[in-house]
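Remarks on the structure that follows.
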Amino acid sequence: MSVAELEAHEVALEAATGGLWRDAFRRLVRNPAAILGFALVAIFIVAAAFAPLLAPYAPKEQNLLLVARGCCPGPSHKHWLGVDQLGRDVYSRILYGARFSLIIGIVSVSIGLSVGLVLGSIAGYVGGFVDTLIMRCMDVMLAIPGLLFAIGIVAILNPGLYQIMIAIGVVNVPIFARLLRGSVLAQRENDFVLAARAVGVRRPVILFSHILPNAISPVIVQGTLAMATAIIDVAGLGFLGLGPQDPATPEWGTMLTDVNDYLQSAPFLAIVPGIAIVISVLGFNLIGDGLREALDPKLRGRVGRFRERKAFWFLGRRAASRA
Amino acid sequence: MLRYLVRRLLLLAPILFGVSLLIFFWIRALPGSPAESLLGERATPALVKAYQQHYGLNKPVYVQYWAYLKTTVQGDFGVSVASHRRVISEIKQRFPATIELALAAMLFAVFLGVPLGFVAAKRHGGLFDHLSLVASLIGISIPIFFLAIILKYIFAVRLAWLPSVGRISVLIDMKHPTNFYILDAIIERNWHALGDVLKHLILPGIALGSIPLAVVARITRAAVLDVQNEDYVRTARSKGLPPVIVDRRHVLRNALLPVSTIIGLQTGLLLSGAVLTETVFAYPGMGSWLRDAIFNRDYPVLQGGILFLALVFVVVNLIVDISYAIINPRIRYS
């Protein structure tokens with residue numbers, strides 16, 4: 001193919017055919033990395049939804065006879081991923097654990113997103129003193145190391161599942177607030193906003209039905225990526241012993257807490273939950289990365305690379321503050 | 001530039017004031033009190049009261065806040081309830097540990113990430129490029145504590161090549177004039193200790209460096225791709241410079257500009273303490289110290305330590321912004 005042909009081909013591929021969302025969808029399904037991401041997340045969701053059907057044992061069912069001769073028998077045809085120090089089936093626990101990660105992830109991201117969305121759009125749209133006040137509060141929250149902040153919130157509320165959801169949600173608030181503020185500021189000066197104001201549409205209506213729908217695509221990308229970090233955060237807090245207080249709960253991070261004692265004899269006890277976390281997190285990260293490219297057709301060449309750089313830096317920043 | 005600097009410096013004050021307020025009231029919202037968590041089962045009402053009296057915890061909240069603000073501004077963070085040591089001297093001991101760990105992690109990330117990103121850009125669109133993308137996404141997707149456990153299992157438990165806990169072997173007796181153990185060992189000319197300290201840094205450094213590694217590699221790649229198409233690079237090529245020289249003098253040197261910002265910011269983030277990494281490797285840095293302080297309700301440590309980390313964070317941000325303007329004269333802050 002000559003260069004001219006190639007370019008023509010690309011133009012044909014890029015040609016707008018049916019609105020932002022349909023184009024984005026077409027670009028997304030052509031991206032192999034994003035497809036892999038969807039597959040990984042699908043596995044995760046199926047595991048969570050059908051855990052009772054898929055799991056051969058109950059997650060808390062102990063069989064101490066299995067560990068009578070030392071911890072811990074590895075994978076066998078009865079126990080696909082082996083059993084833990086109390087003779088519980090690891091495979092079943094991993095399946096049930098997906099439920100916790102999924103629910104906590106969804107709830108905490110929803111909390112962070114909705115509060116951040118309201119604060120950020122108010123700050124961006126109203127401007128002035130309100131903007132300064134809200135954004136300075138967000139700066140204060142961002143200045144405190146993310147994981148310590150989350151630990152601190154859990155410490156106030158006492159350890160537990162709901163508490164973790166709230167903690168991770170609160171830590172996510174400033175991220176979404178900043179993002180929304182930027183988006184709203186960019187949209188505010190558009191002609192369609194001016195037109196709406198000219199015909200006398202009220203300000204809240206302009207914000208919620210004219211500006212926000214146009215500012216939403218970066219939020220979707222961030223929301224997906226935030227799901228990924230939320231799953232890591234949940235596991236991290238669980239690992240520190242702040243998760244569900246019933247130690248039998250099959251939460252992935254909690255499952256990793258005790259493995260130190262068994263690293264020598266049963267390393268799979270650490271590897272299995274770890275890989276479960278990596279698979280689900282990687283799935284959301286791949287989808288988020290694919291969505292970013294799909295929703296942003298300008299993402300070729302220079303501007304695109306600048307944005308890619310920004311996005312990746314952002315991702316790294318969030319990951320590092322939870323180390 | 002100067003006006004910008006002054007404005008940014010002035011902005012630091014309200015942020016730090018906000019952080020101090022947030023920490024103060026958050027700590028008071030924690031269930032239990034330092035007295036109860038310290039005395040444990042021996043906590044009789046009389047003992048608790050005596051304790052509250054001793055630490056001034058029975059005064060009205062605003063009086064306590066005012067006292068906290070006044071002493072903090074004077075640079076006095078008080079005395080730890082748990083260890084009875086001055087918070088400032090604990091910071092002097094813990095923060096160098098955190099700095100050493102952060103630098104180890106960044107060294108790993110930069111020396112591996114920049115070449116990886118460069119090669120990926122040179123083979124743009126090729127197999128290596130795609131693999132590096134997937135690898136860096138995996139790097140960001142692995143929970144640090146899981147990577148730390150795996151590294152510990154392979155290199156400390158299985159192969160027994162490297163130590164798995166602490167900063168220095170307990171058998172080594174050495175003076176610590178600076179608390180930077182690497183510097184201490186060099187000052188004391190204790191080469192055995194130096195080797196030991198470095199060995200202790202390898203595993204936590206790699207675990208903690210995995211995220212900056214992914215970020216540095218991706219950003220180097222994007223920057224090299226940008227610079228490669230610049231006019232001055234084409235000029236250099238067309239005047240017949242050998243490709244190696246073009247890459248080194250023209251491409252890499254300019255591409256490293258955005259990379260250096262990222263390196264600075266990531267270092268700043270790592271200085272906030274690495275709670276999980278420090279937990280896995282029982283490394284005595286800021287993160288594990290503050291985690292314990294939360295569990296012990298150690299008010300002075302939390303008030304001083306978190307405020308200190310917030311200060312470090314905002315100052316590093318400022319330094320990075322300013323150094324960016326100095327390195328790249330095209331950027332003008334107003």
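Quick note: numbers below take in every heavy atom, side chains included, and nothing from hydrogens, waters or symmetry partners. Chain letters run A, B, ... following the sequence lines, proteins first and then strands; every chain starts at 1.
When side chains are defined from C-beta on, B:L309 counts as touching A:L148, because their heavy atoms get closer than 4.5 Å. Residues B:F146 and A:I277 fail the side-chain proximity criterion, which asks for heavy atoms closer than 4.5 Å. Using a 4.5 Å heavy-atom threshold, the side chains of B:V280 and A:F239 count as touching.
Scanning for salt bridge (Lys or Arg N to Asp or Glu O under 4.0 Å) contacts around B:D129 gives B:R221, with sequence neighbours left out.
By number of non-hydrogen pairs under 4.5 angstrom with chain B, the leading residue of A:V281, A:V140, A:L286 is A:V140. Listed options B:A207, B:G139, B:P143, B:A148 were ranked by heavy-atom pairs under 4.5 angstrom with chain A; first place goes to B:P143.
Shortest non-hydrogen contact noted between A:I156 and B:W26 is CD1-CD1, 2.8 Å. Across all non-hydrogen atoms, the minimal contact from B:I294 to A:I151 is CD1-CG2, 3.7 Å. What you find for A:A143 and B:V314 is that their closest heavy atoms are CB-CG1, 4.3 Å. Nearest heavy-atom pair across A:L242 and B:F295 is CD2-CE2, 3.6 Å. For the residue pair B:L276 and A:G236, the shortest heavy atom distance occurs at CD2-O, 3.8 Å.
With a 4.5 Å cut-off on non-hydrogen atoms, A:A155 touches chain B through its backbone and its side chain both. Looking at A:I271, the atoms closer than 4.5 Å to chain B (heavy atoms on both sides) sit in the backbone and in the side chain alike. In this structure, chain A has heavy atoms under 4.5 Å from both the backbone and the side chain of B:I138. Interface residue B:I149: backbone and side-chain heavy atoms are both found under 4.5 Å from chain A. Proximity to chain A involves both the backbone and the side chain of B:I142, based on heavy atoms less than 4.5 angstrom apart. With a 4.5 angstrom heavy-atom cutoff, A:A270 touches chain B via backbone and side-chain atoms both.
Around atom CZ of B:F25, more than 12 heavy atoms belonging to other residues, nucleotides or ligands sit under 6.0 Å away.
Among residue pairs with one or both ends in residues 137-150 of chain A, those qualifying as side chain to side chain donor-acceptor pair (under 3.5 Å) are A:R136-A:D139, A:D139-A:R178; sequence neighbours excluded.
Between the CD1 atom in A:I144 and the CG atom in B:L22 there is a gap of 4.5 Å [rounded to 0.5 Å].
Chain B is approached within less than 4.5 Å, heavy atom to heavy atom, by no residue from residues 37-45 of chain A.
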Would you tabulate the side-chain donor-acceptor contacts of residues 9-17 of chain B under 3.5 Å, counting partners in other chains and residues two or more places apart, or write 'none'?
none

